[in-house]
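What follows is a set of notes on a single structure, which appears directly below.
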Amino acid sequence: MNMIANLQTDITPDGPDYDIVRRVIELITEDYRDQPSLEAIAARLNQSPTQLQKTFTRWAGLSPKGFLQAVTLDHAKRLLRKEDMPLLETSIEVGLSGPSRLHDLFVTHEAMSPGEWKAKGGGLIIRYGFHICPFGVALIMVTDRGLAGLAFSDSGDERACLEDMTCRWPNAEYVEDLQATVPYAARVFEPGKWSSDQPLRVVLIGTDFQVRVWQSLLKIPFGKAVTYSDIANDIGSPTAQRAVGAAVGANPISFVVPCHRALGKNGALTGYHWGLTRKRAMLGWESAHA
């Protein structure tokens with residue numbers, strides 16, 4: 001296996017902005033009570049206020065202050081309100097034609113059989129590539145049946161990210177192949193290419209319970225959120241909230257299978273496998289594009 005990341009292909013013009021965005025999000029999260037000004041944030045990052053404002057606007061379509069408002073607890077609680085959101089049980093039938101899903105990344109999915117999952121990737125050829133994206137460095141992993149893995153890292157941590165993902169299917173054959181992964185990366189992170197006429201193909205590799213949880217996540221409309229208890233109820237296991245949380249955390253196709261839209265009962269972000277800062281970035285980015 002080639003464990004050296006290849007980052008020659010940058011599929012988003014504003015990809016490098018994420019490093020600055022990440023640092024800003026960390027600062028405004030840490031100093032939330034102080035409500036730091038744009039000038040104060042810029043000084044901490046050795047940036048001019050004007051340049052910082054331009055960077056943030058280019059990345060998210062709103063200012064750092066607007067972004068801060070988009071990731072507050074109050075906003076998270078608004079996402080959880082159901083009055084303008086179809087129930088999970090009916091969101092596929094109702095939501096796909098409604099305004100809440102106009103900006104969705106349309107996905108068609110299949111699950112590998114229990115036998116294939118138990119083989120831990122045996123017989124599978126998984127092609128992978130690293131790409132700069134709006135949330136740092138994305139690791140794209142595909143099979144001949146579709147997208148199987150999407151993970152994230154910061155620059156310099158690609159090796160650990162790859163090891164994290166390959167240990168999930170240790171018996172698979174891994175081939176670095178940017179030609180195979182570029183089309184997926186370009187579609188996933190470019191809302192202008194999201195179309196119900198050409199849904200993104202994904203393949204879910206997990207236990208039966210995990211797959212049910214991931215299928216439930218796929219029902220959550222863009223710019224909305226649900227709680228772990230909502231998901232537990234949706235899959236018919238209302239007392240399995242802890243197991244649901246574990247399955248959400250094990251989701252191998254982050255962002256596409258939107259585990260970042262799963263929140264605690266009171267709107268708390270709770271954990272995220274690729275870091276809470278990245279989860280905040282995703283929710284804020286979606287709020288700006290919704």
Side-chain angles (χ1 to χ4, degrees), residues 1-19 21-22 58-61 103-110 124-166 168-169 172 174-205 214 217-218 222 251-261 272-275 278-279 281-286 288-289:
M1 184 194 309
N2 182 2
M3 298 292 287
I4 300 175
N6 187 333
L7 291 173
Q8 293 179 352
T9 303
D10 182 347
I11 50 84
T12 57
D14 57 348
D17 290 345
Y18 179 72
D19 182 57
V21 169
R22 173 181 59 80
R58 181 170 62 238
W59 182 84
H103 301 281
D104 266 358
L105 170 61
F106 290 88
V107 169
T108 180
H109 67 275
E110 64 173 293
L124 274 181
I125 297 177
I126 298 180
R127 303 182 183 279
Y128 72 91
F130 289 90
H131 304 271
I132 302 298
C133 78
F135 310 109
V137 179
L139 169 59
I140 305 286
M141 310 183 88
V142 303
T143 71
D144 58 359
R145 293 158 70 173
L147 179 69
L150 175 53
F152 296 94
S153 76
D154 295 325
S155 181
D157 295 332
E158 295 88 358
R159 181 185 296 272
C161 179
L162 182 58
E163 291 175 347
D164 182 308
M165 293 297 289
T166 55
R168 301 171 189 232
W169 313 298
Y174 292 91
V175 179
E176 186 171 20
D177 186 349
L178 286 175
Q179 186 174 356
T181 58
V182 162
Y184 285 90
R187 286 195 60 196
V188 167
F189 301 111
E190 179 47 65
K193 296 181 179 179
W194 297 354
S195 169
S196 59
D197 296 331
Q198 294 181 313
L200 183 72
R201 291 173 54 219
V202 304
V203 57
L204 305 175
I205 309 175
W214 301 338
L217 289 171
L218 282 169
F222 187 94
N251 169 32
I253 314 178
S254 297
F255 189 70
V256 170
V257 177
C259 51
H260 60 284
R261 297 178 195 161
Y272 188 63
H273 190 77
W274 308 113
R278 191 165 276 110
K279 183 172 184 174
M282 290 177 178
L283 290 171
W285 186 86
E286 288 187 344
H289 286 81

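Contact between Phe222 and Glu286 at its shortest, heavy atoms only, is CE2-O, 3.2 Å. Nearest heavy-atom pair, Val203 versus Gly146, reported as atom, atom and distance to 0.1 Å: CG1-O, 3.9 Å. Nearest heavy-atom pair, Asn251 versus Trp214, reported as atom, atom and distance to 0.1 Å: CA-NE1, 3.6 Å.
To the nearest 0.5 angstrom, Ile126 atom CD1 is 13.0 Å from Thr181 atom OG1. Interatomic distance, Leu162 CG to Asp157 CG, rounded to the nearest 0.5 Å: 12.5 Å. Atoms CG and CZ, on Leu147 and Arg187 in that order, are 10.5 Å from each other to the nearest 0.5 Å. With rounding to the nearest 0.5 Å, the separation of OG in Ser155 from CD1 in Ile132 is 6.5 Å. Cys259 contributes atom SG, which lies 7.5 Å from atom NZ of Lys279 (distance to the nearest 0.5 angstrom). Interatomic distance, Ile253 CD1 to Ile140 CD1, rounded to the nearest 0.5 Å: 10.0 Å.
Partners of Asp164 by side chain to side chain donor-acceptor pair (under 3.5 Å), not counting sequence neighbours, listed by chain and number: Arg168, His273. A search for side-chain contact (heavy atoms from CB on, under 4.5 Å) contacts involving Ala151 returns Leu139, Cys161, Met165, Trp274, not counting sequence neighbours.
For the salt bridge (charged side-chain N to carboxylate O under 4.0 Å, His left out) condition, the pairs that include at least one residue of residues 126-139, sequence neighbours left out, are Arg127-Asp177.
For Tyr174 and Trp169, the ring centers are positioned 6.0 Å apart or more.
The shortest side-chain heavy-atom distance between Leu150 and Met141 does not fall under the 4.5 Å cut-off. By the 4.5 Å heavy-atom criterion applied to side chains, His131 and Val137 are not counted as neighbours. Contact of the Val256 side chain with the Val202 side chain is registered, since non-hydrogen atoms from C-beta on lie closer than 4.5 Å.
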Step-by-step side-chain contact (heavy atoms from CB on, under 4.5 Å) determination, Leu217 to Arg261: CA-CA 8 Å; Leu217 289 171; Arg261 297 178 195 161; over 6 Å; no
Audit row: Tyr184, Leu200, side-chain contact (heavy atoms from CB on, under 4.5 Å) steps and yes/no: CA-CA 8 Å; Tyr184 285 90; Leu200 183 72; 3.7 Å; yes
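Ring geometry, Phe255 versus Phe135: the interplanar angle falls from 30° to 60°, so the pair is classed tilted.
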